[in-house]
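In what follows, every chain begins at residue 1, and chains take the letters A, B, ... in the order their sequences are listed. Predicted model, so just to flag it, every value in this text is computed and none were measured.
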There are 2 protein chains.
Amino acid sequence: MQVLQKEKRSHYLDTYPVAHLFSFDIEESIQVHEYDRGEWIIREGQPPDYLFYVIEGKAKIYITHQNGKVSLLNFINQADYIGEMELLHEAYYSKGIQTTTKTICFAIPFHNWRDKLLEDVKFLRHLSIQLSDKATLMAMKYSQSLAFPLENRLADFILQTADDDLYKEKHITVCDFLGVSYRHLLHVLAQFCDKGFLKKEGHAYRIINKSAIKALADMLRNG
Amino acid sequence: MQVLQKEKRSHYLDTYPVAHLFSFDIEESIQVHEYDRGEWIIREGQPPDYLFYVIEGKAKIYITHQNGKVSLLNFINQADYIGEMELLHEAYYSKGIQTTTKTICFAIPFHNWRDKLLEDVKFLRHLSIQLSDKATLMAMKYSQSLAFPLENRLADFILQTADDDLYKEKHITVCDFLGVSYRHLLHVLAQFCDKGFLKKEGHAYRIINKSAIKALADMLRNG
DNA sequence: GTTATAATATGAGATATCTCATAGTTTTTA
DNA sequence: TAAAAACTATGAGATATCTCATATTATAAC
């Protein structure tokens, strides 16, 4: 990790203005952190000293269970906060956060700014909306994971991530994300091929029968 | 549902002061709603017109899936908000909320107060903390449900709900809450009895070997 | 470049969990 | 208080998913 200085720092501050997120002037205190691909922004169980705001790049939120299984809780993208939980709760078990690409974050030190942030309407409103989205998303994923077999959840995931009808996610990542074994994921992908929904192209899969995949994914929707 | 008036209304407003939750004076506009046991505070898919704050009673949050399965997402207790999601998002698929006991809520009409609430620091800070708890809880439940078999999750639930080492929750509720079939829940309970962890007493179960149950539940903890 | 590491791939057997059918019991409702 | 509805209970067979073993291929590190 590098803390960017001078021109590099100003470049990002100018390119991604954040004045609209706060009622007070915080620019002076914002650090700009750059992480390489694969670096950990937060290590599991080690609370950070900063509130981060992602301006470029992508990351993943991981939690490791006692039985050795690893869950990929969610992806983090531009305009997401990192460390909000720790900002709000002194005692919080921090999830691990690992970048998947080079990532640039604005970093606001808790030390001087926690109290100020917790008194700022603009920030809190923005945060509330993000948190409610997060809570809703997790509730949906939770109930869907219990109510539907992998078939439906995978169909949904394929549609969400396919690029030009070509699905090419790493199986290993998908296992952690959907919470199933590698073996079973391949099994269901093979079924999709057998049924003529997908066709394997090298290590990727082409969507052949989109409406069939869509029908499976639509089962997850309610209302 | 009844909207309480006059003495009854003042009684609750006096008994449960909420001035500390808001920066402005809202007491005049607060309605006091009383729901009978089993009544729906929100019907699934029908967004409410009020932000509720529960002052007495208990409720359950339900969502129904297209395949007919029902998930009991969580329990609602005193000091929880209801309708916060709808306050923050104009378009939101409302979960169903049903009381399990007679329940009293303060109800603040969105109509006049939405904008004011979204500008109030005290309210937003309090809400942020509740939402972050909710998001964290759902994330934990999600990842645990994928990483552990019912055995562990049920052990945890038994310890959380047992009263004086006697577990007596309704199976049907627990199935919806833990997301398993009735048949399987009974199967695992029977296993616990076989292993000498529990002993059946009528329709309830007495915890005989607490440390064994605790060991199973502790598997869920991380860090 | 070569070696180490990570990712893909497949088979076979085990286990967790579900569905359905059926019956008795308790609670609620009329 | 009788009928309806909700809840408890158990068996048997089906399916979703996991574990482990092993081989191959792609990617990263030296």
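- Between B:D156 and B:R221 a salt bridge is recorded (basic side-chain N to carboxylate O distance below 4.0 Å).
- If B:Y182 and A:F148 are placed on DNA chain D by their nearest nucleotide, the residue sitting closer to the 5' end is B:Y182.
- Comparing atom distances between the A:K200 side chain and each of D:dT10, C:dA9, D:dT19 picks out C:dA9 as nearest.
- Ring pair B:Y81/B:F52: centre-to-centre distance not below 6.0 Å.
- Per the geometry, NZ belonging to A:K170 stands 12 Å off C1' belonging to D:dT25, to the nearest Å.
- Residue B:G179 is in sugar-phosphate contact alone, with no base atom involved, counting any heavy-atom pair closer than 4.0 Å across all strands shown.
- Contact annotation: A:H171 reaches the phosphate of C:dA9 (side-chain N/O to OP1 or OP2, under 4.0 Å).
- If you check D:dT17, C:dT17, D:dC18 against the side chain of A:S181, the one that comes closest is D:dC18.
- When rounded to the nearest whole Å, the span between CD of A:Q191 and C1' of D:dA16 equals 9 Å.
- For the pair B:E169 CD and D:dT8 P, the interatomic distance rounds to 11 Å; values are reported in whole Å.
- When the P atom of C:dT15 is taken as reference, atom CG of A:N67 falls 17 Å away, rounded to whole Å.
- Between A:K95 and A:E86, none of the side-chain N atoms (NZ, or NE/NH1/NH2) sits under 4.0 Å from a carboxylate O, so this pair counts as no salt bridge.
- Between the NZ atom of A:K168 and the P atom of D:dT27 there is a distance of 13 Å, rounded to whole Å.
- For B:L186, taking side-chain heavy atoms from C-beta onward, the closest of the listed nucleotides D:dT10, D:dT17, C:dC18 is D:dT10.
- For B:N152 and C:dT15, the CG to P distance is 16 Å, given to the nearest whole Å.
- Residue A:H184 is classed as a base contact, given a heavy-atom separation below 4.0 Å to a base.
- Comparing B:K69 and B:R37 by the nucleotide of DNA chain C whose heavy atom lies nearest to each, the residue mapping closer to the 5' end is B:K69.
- Rounded to a whole Å, the CG atom of A:D176 is 13 Å from the C1' atom of C:dA7.
- Taking the six-membered ring for Trp and thresholds of 30 and 60 degrees, B:Y167 and B:Y205 have ring planes inclined between 30 and 60 degrees apart.
- Rounded to a whole Å, the CG atom of B:L146 is 13 Å from the C1' atom of D:dA16.
- Looking at the side chain of B:R183, the nearest of the listed nucleotides D:dA12, C:dT17, C:dA9 is D:dA12.
- Using a cut-off of 4.0 Å between Lys/Arg side-chain N and Asp/Glu carboxylate O, B:K102 and B:E39 are scored as not salt-bridged.
- With D:dA9, C:dA7, C:dT19 as the candidates, the nucleotide lying closest to the side chain of A:I172 is C:dA7.
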